[in-house]
Amino acid sequence: MTAAPLVERLHITLTGAVQGVGFRPFIYRLSTELALSGWVANSSFGLAVEVEGAAEDVACFLHRLDRERPSPAVVLTRDVTRVDPIGLRGFEIRHSDDSLEKTAAVLPDLATCPECLSEILDPSNRRFGYPFTNCTLCGPRYSIVLDIPYDRPNTTMRAFALCADCLREYTDPADRRFHAQPNACPKCGPSLASSIEETAHTLASGGIVALKGTGGFQLLCDACDPAAVARLRERKHRDEKPLAVMMPSIDAVRRHCRVSAGEEALLRSPAAPIVLLDPLAGPCMGKAIAANVAASSPYMGVMLPYSPLHHLLMRAYPSPVVATSGNHSEEPIAIDNEEAIERLAGMADRFLMHNRPIARPCDDSVVRVARGGEYPIRRARGYAPLSVAIADESAPVLAVGGHLKNTVAIAVGKQVFLSQHIGDLDTAETRRAFQSAIADLCRLYEFEPELVACDLHPDYASAAWARDSGLPVIEVQHHHAHVAACAAENGVREPYLGVAWDGAGYGLDGVIWGSEFFLVRDARFERVAHLRPFHLPGGETAVREGWRAAASLLCETFGPERIPDSFFPAAPHRAVLLRMIERGVNAPLTTSMGRLFDAVASLAGVAGRSRFEGQAAMALEREIGSLRTADAYPLPHGDWSPLIEAVVDGVRRGLDRALIAARFHNALVEWLLRVAGEVGVERVVLSGGVFQNRYLLERAASVLESNKFVVHSHRRVPSNDGGIALGQAVLAGRR
Ligand code: ZN
Ligand code: ZN
Ligand code: FE
């Protein structure tokens, strides 16, 4: 006689991005296959599962749960509790339980999957040519969710009643559209207000199209038509900042850019971000991308079609198109039909709209590959609102971020939920978007902050909001937040050397910092090194006019009497400028690395002005090209005087600009290595917008690593100010 098999019952909870990705049908199929009984339910913290059956089948279930789960799912924690068997019968998918704490991750919007794409291209399929096709593996999520748990009545799809066919798919656990909340077809779902063919015609004739995309309106025009691109720039008031291009296929991308395996994987990922690529030099096959698309950048921002609507449009018009957010420069992206017609009327020649409401604005994300992995520049569609897991339990903190490239964040337990990119808080529109992003995050997660974390800066709009909130405020120094964000997402333990190089952040001494080395331990920082401070004549104006920083450094290096003429503006500016620098009138002190880049770019004749933040630094990086040298200018203890002398000498002798640019970058790396050696802690964390410079980041990391340092850089949030809300949340949540 054989013994009855041992029966086990497990209660399993999963947290993370586990809703709306086909997790429940997957568990249903797996349990049924293994003849296990039990149930699965979405809950407000994620997913709850119970299985009961033979011990070995239960073990097999756990094993396959990890290995075969749906690809878009992100499991943050998996808790398994053994409970007494109670003789469960059958397997059921239970109704969502919304009584518990709401920390279930809302998924980001997911790019169209291959199965759905083949359906919309198949004339015999009922979804042929249907631009709102989706399934449990793809389609809109964050852009349609109004509340959690993520169920259809809690989305902007609630106005569309499922037809009989769609309902059958939606309720059949074996169907790949089982509980696909935005499920729709031409009979029952959203529809377009105008035709794709006419839109293609507008593009072909050089017109500008406003397309209602996933997270907001985009402005499109033919990327190979310089006149159309010029028109778009003029109407959008965007003079030089690079524009992103949507290309019909990966083959089309290869015709215009160099694409590594890692870059291709990012382009084709469910997030489908804009990826910064190296454009191919020389003439390309077919039509060239117009020079005015991204002339001021060493890179081209490229993405693939990510929604059925984009796929269908790119079939009708198979040519690269500029795809930029539908707004005036620096305003939030338009999401509402009436609002778009009003705001974009002067910009677009045609609208391609539909009646699926967008719950919140979410721009296209921007990433690049650096150090062999993903390096975020702008985190929005496809990423927001995924959380970042942190090491310690946090107090309920709302972090309101910085001023430029603002994002906000909330800390819940061991997770920080980061908003999508909001923008620069200079306009009333962006400040409104900032406030609604805060309200939105708090409502979605039923979150009540006990603390607000903000920047130390006295004039940031975000900090002013925090101080008016009526909640206890914790001010976090800007660069401390930068390095804490990078440390948090990498799980770096203290002590570490935090290196924060950027344009500007308010320092503890009221000086504008920006080249900071912090020894971070016990949640406090000690400022161990920085550039020698210099005056910035004209203050803010100097951000756009790099020659001002150059003038100041020349004056300090050579003395006002002996400034080399060819590098300095002529009278009458000269006298005024010298007075400003000498007396420090309207010439605040700074240790900004960004401004040192501007100064060197100006002296080297690469760029004397910047139309957008970082333009001069990008131009200087581009000068290096493929040159590889270990030569470096002197930068003893962060004193730039010998460096400025050497740059001036190089320019006078007609030295190759590539060499000047490389020696300057190398000087920064050598200084970094020296400071790291002096501080002597093993872990080095690199943050701040200056590290978006790939040459600098990769060289710094490899030089440090070959000297036995362990180097961490950003992988989940931007190194620019878009990432500091995470650092603020982590630091404030610990106190
Ligand atoms: Zn799909
Ligand atoms: Zn239908
Ligand atoms: Fe910064």
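We count ligands from 1, going down the list as the structure has it; atoms in each ligand are counted the same way. Just so you know, these numbers use all the heavy atoms, side chains as well, and skip hydrogens, waters and symmetry mates. The shown structure was predicted, so the numbers you read here are calculated from the model rather than taken from an experiment.
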Checklist line | Cationic tip of R431 above W465 ring, under 6.0 Å, 45° of axis | finding: no

Note to self: Looking at every heavy atom in both L589 and V511, which two are closest together, and how far apart are they?
What the structure shows: O-CG1, 3.4 Å

Checklist line | Degrees at the Zn ion (ligand 2) between the SG atom of C163 and the SG atom of C166, nearest 10° | finding: 110°

Check: SG (C138) to the Zn ion (ligand 1) to SG (C135): angle, nearest 10 degrees?
Finding: 120°

Margin query: Assess, by modelled atom type and distance only, whether the side chains of H179 and R24 contain a donor and an acceptor separated by less than 3.5 Å.
Written below: yes

Next item on the list: For the atoms OD1 of D721 and NE2 of H482, give the angle they form at the Fe ion (ligand 3), rounded to 10 degrees.
Entry: 90°

Next item on the list: Rounded to the nearest 10 degrees, what's the angle NE2 of H478 makes with OD2 of D502 at the Fe ion (ligand 3)? Could you check?
Entry: 90°

Next item on the list: Start with the C-alpha gap between H421 and N406, add the side-chain angles, then the distance that decides, and say whether side-chain hydrogen bond (donor to acceptor under 3.5 Å, both in side chains) holds.
Entry: CA-CA 6 Å; H421 164 87; N406 180 272; over 6 Å; no

